[in-house]
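Just dropping this structure here.
One-based numbering, in listed order, for ligands and for the atoms of each. Positions are given from 1 along the sequence.
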Amino acid sequence: MNPSLPDFQDVLAAADRLRGVAHRTPVLQSRSLNQQVGAQIFMKCENFQRMGAFKFRGGFNALSTLNEAQRRAGVVAYSSGNHAQAVALSASILSVPATIFMPHDASPAKLAATKGYGAQVIAYDRYAEDASALAVQLAHEKGLAFIPPFDHPDVLSGQGTAALELFDEVGELDALFVCLGGGGLLSGSAIAAKARAPHCKIYGVEPEAGNDVQQSFRQGERVRIATPITIADGAQTPMVGAITFAVIQKLVDDIHTVTDAQLIEAMRFYAERMKMIVEPTGCLSLAAVIQAAASLKAQRVGVIVSGGNVDMTRFAKLLAA
Ligand SMILES: *Cc1c(COP(=O)(O)O)cnc(C)c1O
């Protein structure tokens, strides 16, 4: 592998930093799901992670590698939600000042949680402004460390620790399905999977309305799309990262897509059958497994359930539709 890309040693180092700080989330199974799909499905439930999503892993890992001077100066990030909370919580644990750019239409729960962790929040327009450019500019002006949501070696290495825990708990799998936005979770998971279960097929799953990574994967170069309109607000990324895409090209087998209706079907399954609240973006992986059932017969299949942060009124509306 390209020597500048993160590797399995980086995921192991992240796991060391996260030990005793991140939750070791449960791996759950459902008899009725196994019957429906005709496979054995292991769900790694990052909706039960601190701040409600796997993003705590990457955020905390990235902040842990900063030196004393960088910690004193502080960090800046941008996010529609979960990365904001991850950086804000990690910063509060490590006593680092944090400034976060969040879209003005971000979920009220995510906004409140980010502010609750003590971060300073600045609003931006996700359909008109380039949040990354805003964050980079502020980092430059104020000497802050910029913590991007996915395209950063320490961020994606941290995200890979969820899959690492899954393999350590259940052993080899035939296939692993991973929710996909900018590719931090998928690239980190793929690195862990190739080390722990070399024969495991790795699939990313993104919303059908925003299939930029599927297009990029098939064309062999990164494709940029307009900010997609989908209920999977954690996967509204217009383009995959450069580092994450390099890892995805090398280690991932294919990219699946699912519709918003299929996301709601998976969300209803989690709520009704497993008594779990999973946010729409966190439903991507299971929604793809349900669609691909015919090709997964009798296999051992891993599903990363990426997060559970959704406003209750929105959750109820989505299920009522
Ligand atoms: C950020 C996020 C994703 C996508 O992760 P990437 O690393 O950007 O691919 C998926 N699910 C949830 C809940 C998220 O917060």
Side-chain angles (χ1 to χ4, degrees), residues 6 25 44-59 61-62 77-89 102-103 106-107 109-110 113-114 131-132 147-163 177-192 202-207 210-214 216-217 222 227-228 230-245 247-248 252 255-256 258 263 266-267 270 276-288 303-310 315:
T25 52
K44 175 67 172 168
C45 293
E46 287 293 299
N47 52 314
F48 296 132
Q49 186 50 264
R50 288 186 76 169
M51 51 68 44
F54 73 92
K55 286 219 174 60
F56 177 68
R57 297 173 181 271
N61 188 48
Y78 71 89
S79 165
S80 62
N82 285 334
H83 179 63
Q85 279 165 267
V87 171
L89 174 58
M102 294 184 78
S107 128
K110 291 178 179 181
T114 305
S132 176
I147 312 293
F150 46 82
D151 206 20
H152 184 296
D154 297 325
V155 172
L156 74 86
S157 302
Q159 317 303 30
T161 60
F177 286 76
V178 183
C179 308
L180 168 59
L185 183 62
L186 177 59
S187 55
S189 301
I191 292 169
I202 322 284
Y203 302 114
V205 187
E206 61 184 349
N211 72 334
D212 59 294
V213 190
Q214 186 180 63
S216 304
F217 192 77
R222 292 193 295 154
T227 298
T230 165
I231 61 169
D233 55 311
Q236 284 183 302
T237 37
M239 185 163 76
V240 65
I243 304 169
T244 55
F245 186 56
V247 176
I248 289 167
V252 169
I255 309 294
H256 293 242
V258 296
L263 290 176
M267 201 165 84
Y270 281 131
M276 287 204 309
I277 294 163
V278 181
E279 63 183 279
T281 315
C283 294
L284 285 163
S285 47
L286 178 62
V303 166
I304 309 278
V305 186
S306 56
N309 291 329
V310 52
F315 185 72

Could you tell me which residues satisfy side-chain hydrogen bond (donor to acceptor under 3.5 Å, both in side chains) with D154, sequence neighbours excluded, listed by chain and number?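 Once residues adjacent in sequence are excluded, the partners of D154 under the side-chain hydrogen bond (donor to acceptor under 3.5 Å, both in side chains) criterion are T65.
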
Check the pair T25, E46 against side-chain hydrogen bond (donor to acceptor under 3.5 Å, both in side chains), reporting the backbone distance first and the verdict last. CA-CA 6 Å; T25 52; E46 287 293 299; 2.6 Å; yes

Can you list every salt bridge (Lys or Arg N to Asp or Glu O under 4.0 Å) pair that touches residues 276-288, not counting sequence neighbours? K110-E279

Just list the N/O pairs, ligand 1 to protein, that are under 3.5 Å apart, with the distance for each.
| from | atom 1 | to | atom 2 | distance (Å) |
| --- | --- | --- | --- | --- |
| ligand 1 | 7 (O) | G184 | N | 2.9 |
| ligand 1 | 7 (O) | L185 | N | 2.9 |
| ligand 1 | 8 (O) | G182 | N | 2.9 |
| ligand 1 | 9 (O) | G181 | N | 2.7 |
| ligand 1 | 9 (O) | G182 | N | 3.1 |
| ligand 1 | 9 (O) | G183 | N | 2.7 |
| ligand 1 | 11 (N) | S306 | OG | 2.6 |
| ligand 1 | 15 (O) | K55 | NZ | 2.7 |
| ligand 1 | 15 (O) | N82 | ND2 | 2.8 |

pair P6-I243: side-chain heavy atoms closer than 4.5 Å: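 With C-beta onward as the side chain, the pair touches.
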
Mind checking side-chain hydrogen bond (donor to acceptor under 3.5 Å, both in side chains) for T161 and listing every partner two or more places apart, or none if nothing turns up? R57

What are the two closest non-hydrogen atoms of T244 and S187, and how far apart are they?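 Here T244 and S187 meet closest at CG2-OG, 3.6 Å.
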
